[in-house]
Protein chains: 2
Amino acid sequence: MSGKLDRRKKYTRRVLKESLITLLSQKPISNITVKEVCEVADINRSTFYTHYSDHYDLLSKMEKEITEDMNQYLYSYSYEREEESIQMTEKILEYITENKLMFQVLLNKKAVPTFEKRMMDLTRGFMMTNLMDGHVVNKQESEYLSSFVISGAIHVIKDWIEKDMDRSPKEMAVMINSFINYGFSYLE
Amino acid sequence: MSGKLDRRKKYTRRVLKESLITLLSQKPISNITVKEVCEVADINRSTFYTHYSDHYDLLSKMEKEITEDMNQYLYSYSYEREEESIQMTEKILEYITENKLMFQVLLNKKAVPTFEKRMMDLTRGFMMTNLMDGHVVNKQESEYLSSFVISGAIHVIKDWIEKDMDRSPKEMAVMINSFINYGFSYLE
DNA sequence: GACACCGTGTTGGATATTCAACAAACAGTT
DNA sequence: AACTGTTTGTTGAATATCCAACACGGTGTC
């Protein structure tokens, strides 16, 4: 995938993303200009246009990349054993830690209304194909249950971010996993 | 001075400096390679050589720049009024705050033996031309006194850095200035 | 309406960086 | 001594970015 990028491209894209996130933490995207993004990033404006058509494009490409990364984590572990499923959750929480401000901003509904939904859909897809294939009783009911469980998990994560990540990813992973398992035990 | 630098030059020089400082905090310069500096900085090695001849050159240019900055601060204030001399000290301490790791590393004698001496000489020169012109009694004696005072001040700053800058630059500025004034009151 | 101001895309030429490759010097191993 | 692996400077051609300039559309002000 995505043939190796020149160091320069990697750098400019990285700082442009960081810049947009910083600005998004201060004001809505409609009040942000391309010029501003470039100034904060210290990147020439003409360079911006060789990568993105405008700042909305930049944002949507960021969202896409994140969902790709998340998918990566979700499907690189087997959800069979308790062991591995906790490791997976931990990996994801570490990823969030490394991109704290980004998730803080993107998970804020007012800022980027689409992002939380995206995360929900993503996770639900995974849940449906993995967790349920064993003990599916009622298809409809289990879809609602997964909504319930996932939105709960996401909000626990949001709280955790707001509390400045007071617990380690490992601790949180164990906790969240047991919440999720308990939630699905409803079906039995 | 120094015609405006292209963004790209500014960036590469900045990250190369940061990289060297990081490595110097881990090992002596003799164990550091140019290759390593470039890897940490994520800069192509051939680019390194267009700016510096080797990592020793990079280090000495860093030292030179710092002393230039310090001189800037020293001579942009009038040392007449107590008021301004405290402001000056504060500016310098803020500069140190912004470059914490750098000073931490460079003021460590084992790492860069020349740097502390440089700072001493620099400050002594300033002291001799400004502080003393009023009440000079004994030229020789006052030179020794300034050594005494300056080295004291520098070590207070080193302590402050090691204590993770527990007090504000403002507080420290007031304290250090009163130490210095008391020291020079010896001459009266 | 005329005006000044500001962000937008886009362009062309100048410049800096990248990348891959090379020969040479060096250190450690067998 | 031959062998292996690593760092060093240096090169040339490809590429990305910079910068300054432009015409354009929008917005607010007199």
Side-chain angles (χ1 to χ4, degrees), chain A residues 1-65 68 105 110-112, chain B residues 1-65 68 105 110-112:
Chain A
M1 275 287 152
S2 70
K4 313 190 177 186
L5 284 194
D6 191 299
R7 286 182 221 243
R8 293 168 291 185
K9 286 192 170 183
K10 272 189 272 175
Y11 171 71
T12 51
R13 290 181 186 176
R14 198 188 77 225
V15 291
L16 285 173
K17 285 173 207 157
E18 287 170 356
S19 165
L20 181 58
I21 289 294
T22 304
L23 290 168
L24 274 174
S25 73
Q26 296 161 1
K27 45 183 161 181
I29 192 161
S30 53
N31 292 355
I32 296 174
T33 68
V34 171
K35 186 166 179 272
E36 219 171 352
V37 174
C38 295
E39 282 167 354
V40 172
D42 199 24
I43 291 292
N44 195 290
R45 200 160 50 84
S46 68
T47 306
F48 180 99
Y49 290 109
T50 68
H51 294 275
Y52 310 103
S53 60
D54 54 31
H55 53 304
Y56 295 96
D57 182 39
L58 169 54
L59 177 59
S60 82
K61 286 191 170 140
M62 279 183 62
E63 288 191 61
K64 190 178 236 170
E65 284 172 24
E68 276 164 9
V105 167
K110 308 202 61 173
V112 186
Chain B
M1 276 291 148
S2 72
K4 314 187 175 187
L5 284 194
D6 192 299
R7 286 183 222 243
R8 293 168 291 185
K9 286 192 170 183
K10 271 189 273 176
Y11 171 71
T12 50
R13 291 182 185 176
R14 199 189 76 225
V15 292
L16 286 174
K17 284 174 208 159
E18 287 170 357
S19 166
L20 180 57
I21 289 294
T22 304
L23 290 168
L24 274 175
S25 73
Q26 296 161 1
K27 44 182 161 180
I29 192 161
S30 54
N31 291 356
I32 297 174
T33 70
V34 171
K35 185 164 179 277
E36 219 171 353
V37 174
C38 296
E39 281 167 354
V40 172
D42 200 23
I43 291 292
N44 194 291
R45 201 161 49 84
S46 67
T47 306
F48 180 99
Y49 290 110
T50 68
H51 294 276
Y52 310 104
S53 61
D54 54 30
H55 53 304
Y56 295 96
D57 182 39
L58 169 54
L59 177 58
S60 81
K61 286 192 170 138
M62 280 184 61
E63 289 192 59
K64 191 178 235 171
E65 284 172 24
E68 275 164 9
V105 167
K110 306 201 65 173
V112 186

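Lettering of chains follows the sequences in order, A, B, ..., and the numbering in each one begins at 1. The model shown is predicted, which means the values in this text are computed figures rather than measured ones.
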Note to self: If you only use heavy atoms from C-beta on, which nucleotide in dT17(C), dT17(D), dC19(C) is closest to the side chain of Thr47(B)?
What the structure shows: dT17(C)

Next item on the list: Classify the side chain of Arg8(A) versus the base of dT15(D) as yes if they form a donor-acceptor pair under 3.5 Å and no if they do not.
Entry: yes

Notebook entry, point to check: Do NZ/NE/NH1/NH2 and the carboxylate oxygens of Glu18(B) and Arg14(B) come within less than 4.0 Å?
Noted result: yes

Note to self: Side-chain N or O of His51(B) versus OP1/OP2 of dT17(C): is the shortest distance under 4.0 Å?
What the structure shows: yes

Check: Are any of the side-chain heavy atoms of Thr50(B) and Ser46(B) separated by less than 4.5 Å?
Finding: no

Item checked: Atom pair distance, as rounded to whole Å: CZ in Arg14(A) and P in dT17(D) -> 13 Å

Notebook entry, point to check: With respect to the phosphate group of dT10(C), does any side-chain polar atom (N or O) of Tyr49(A) fall under 4.0 Å of OP1 or OP2?
Noted result: no

Item checked: Sugar-phosphate, base or nothing in reach of Ser46(A), heavy atoms under 4.0 Å -> base

Check: Is there a donor-acceptor contact under 3.5 Å from the side chain of Ser19(A) to the main chain of Val37(A)?
Finding: yes

Next item on the list: Give a yes or no on whether a donor-acceptor pair under 3.5 Å exists between the nucleobase atoms of dC6(C), that is its base, and the side chain of Thr33(A).
Entry: no

Checklist line | For atom CG of Asp42(B) and atom P of dT18(C), their distance in whole Å | finding: 8 Å

Item checked: Polar side-chain contact Arg45(B)-dG9(D) base: donor and acceptor under 3.5 Å -> yes

Check: Given atom CZ of Phe48(B) and atom P of dT7(D), what is their separation to the nearest angstrom?
Finding: 15 Å

Next item on the list: Tell me what His55(A) touches on the nucleic acid: a base, only sugar-phosphate, or nothing, going by heavy atoms under 4.0 Å.
Entry: nothing

Next item on the list: From the options dA16(D), dG9(D), dA16(C), select the nucleotide whose nearest atom is closest to the side chain of Lys9(B).
Entry: dA16(C)

Check: Any Lys/Arg nitrogen of Glu39(A) or Lys35(A) sitting under 4.0 Å from an Asp/Glu carboxylate oxygen of the other?
Finding: yes

Notebook entry, point to check: DNA chain D: Asn44(A) or Ile32(B), which has the more 5' nearest nucleotide?
Noted result: Ile32(B)

Notebook entry, point to check: What is the distance from OH of Tyr52(A) to C1' of dT8(C), rounded to the nearest Å?
Noted result: 19 Å

Check: Taking OH from Tyr11(A) and C1' from dA16(D), how many angstroms apart are they, rounded to a whole number?
Finding: 13 Å

Note to self: Nearest whole Å is fine: how far is dA16(D) C1' from Leu16(A) CG?
What the structure shows: 13 Å

Next item on the list: Quickly work out the Arg7(B) CZ to dT17(C) C1' distance and round it to whole Å.
Entry: 16 Å

Notebook entry, point to check: Between Asp6(A) and Val34(A), who's closer to the 5' end of DNA chain C by nearest nucleotide?
Noted result: Val34(A)

Notebook entry, point to check: Is it true that Glu65(B) and Lys61(B) have a side-chain N and a carboxylate O under 4.0 angstrom from each other?
Noted result: no

Margin query: Tell me the interatomic distance from Lys35(A), atom NZ, to dT10(C), atom P, rounded to whole angstroms.
Written below: 18 Å

